[in-house]
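Here's the structure, in structure tokens; my notes come after.
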Amino acid sequence: MLKNRRSRLKMFFDKYSLKAILFTDLKNIRYLCGFSGSEGALLISPDFACFFCDSRYTAQAADEVLGAEIRECGAVRIEAIAEIAAEYSFDRIGFEASHTTVTAFHRMADKLSGIELVELDSSLDGIRNCKDQSEIEILKSVASIASLSLESVLSFIKPAVSEIDIAMALELEMRNRGADGKAFDFIVASGERGAMPHGRASKKLIQPGDLITIDFGASKDGYHSDETVTIACGKPVDRAFEIHSIVRTAHDFAIERIRPGISCKDLDGIARSYINDKGYGEYFGHGLGHGVGMEIHEMPTLSPRSNGALEEGMVITIEPGIYIPGFGGVRIEDTVVVSRDGCDVITTADKQLLIL
Ligand code: ZN
Ligand code: ZN
């Protein structure tokens with residue numbers, strides 16, 4: 001499995017004529033060697049890998065790291081990296097520019113003098129775009145925990161309960177069902193607050209007739225889920241039904257069209273043009289979706305400005321919304337795995353307009 005993941009680095013070795021790549025982003029390190037701690041570095045060449053950590057992580061690294069030599073280093077990690085680079089004659093090393101601070105870069109340039117350092121942009125993170133079978137299994141499991149947790153807390157949602165109480169009940173339920181934690185600060189936006197696409201749960205109390213947008217996800221084994229429902233607490237006004245139906249149809253249209261080869265921009269356009277045709281285009285301001293995996297937001301992005309196309313194994317969200325200032329909003333979001341000829345929806349909470 002790791003061999004397959006590391007084979008995705010070949011295009012970077014070739015394109016930039018690199019002898020090795022130095023990884024400092026912990027997501028990429030975990031992906032490429034299995035280490036799940038919070039500090040370390042990984043140097044990979046086409047036929048050698050070395051993981052660097054300090055003494056706090058030596059035992060954990062011995063337990064987790066696969067396919068790499070483990071080198072415990074002192075206070076200045078880059079000195080240990082320089083030793084290995086000299087030993088193996090690595091005279092041209094790529095590094096993750098988008099995950100390197102200016103301070104770290106200067107230290108690296110100082111200690112690795114004589115070695116050409118090549119900035120690799122965030123396209124390097126694209127090695128994680130297409131998930132392998134083991135990742136898909138974890139993503140399905142974490143999505144299921146989150147979806148079932150939401151169903152469990154629906155009975156708790158009633159007038160005079162606060163948005164933050166709903167968020168806390170949901171997080172507790174996820175942990176009880178085996179999640180390591182929440183994937184992000186949940187959005188619970190009720191009534192007029194629903195017009196804020198990223199309205200974090202507040203102390204506002206739920207009122208009868210409120211639409212409530214709940215955007216939630218769990219995390220487990222380094223992976224995340226992402227899902228949104230919009231429900232009603234008691235019967236809402238007629239306009240709420242209209243907006244919910246438009247968003248739901250836009251969401252369904254996009255999911256029906258998912259397959260390898262469709263451009264990310266075109267997929268966004270399918271949902272966007274439907275919402276436009278219904279007269280609500282100005283109230284759908286964000287992209288249709290994004291990749292999800294070790295990061296809650298990762299590549300690819302689905303928006304009018306996106307490049308590229310979907311590929312089998314990508315895991316993406318589809319999340320159209322309509323947000324009307326002074327009224328409220330609706331968003332519906334599912335996470336799907338792009339399959340050979342379509343997609344599998346892995347988030348399972350009911351996307352009807354539930355009236356509690
Ligand atoms: Zn979300
Ligand atoms: Zn999302």
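As the structure lists them, so they are numbered: ligands from 1, and atoms in each ligand from 1. Side chains are part of it too, since the values below use all heavy atoms of this structure and drop only hydrogens, waters and symmetry mates. Not measured: the values here are computed from a predicted model.
- For H290 (side chain) and I296 (main-chain N/O), a donor-acceptor pair under 3.5 Å exists by modelled atom type.
- Taking the centre of each ring, F105 and F95 come in below the 6.0 Å mark.
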*asked:* Please evaluate residues F184 and F216 with respect to the criterion ring-ring contact (aromatic ring centres under 6.0 Å, His included), reporting the C-alpha separation (whole Å), side-chain torsions for both, the decisive distance (0.1 Å), and the verdict.
replied: CA-CA 7 Å; F184 52 89; F216 61 102; 8.2 Å; no

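- Taking the Zn ion (ligand 1) as reference, E333 places its N/O/S atom OE1 nearest.
- The Zn ion (ligand 1) has no N, O or S atom of E319 closer than 2.8 Å.
- In summary, D215 places no N/O/S atom under 2.8 Å from the Zn ion (ligand 2), failing the contact criterion.
- In this pair, Y16 and F12 present their aromatic rings parallel. The plane angle is below 30°, not in the 30 to 60° band.
- Between the side chains of D165 and S162, a donor-acceptor pair is found at a separation under 3.5 Å.
- The nearest N, O or S atom of H290 is closer to the Zn ion (ligand 2) than 2.8 Å.
- Taking the Zn ion (ligand 2) as reference, D226 places its N/O/S atom OD2 nearest.
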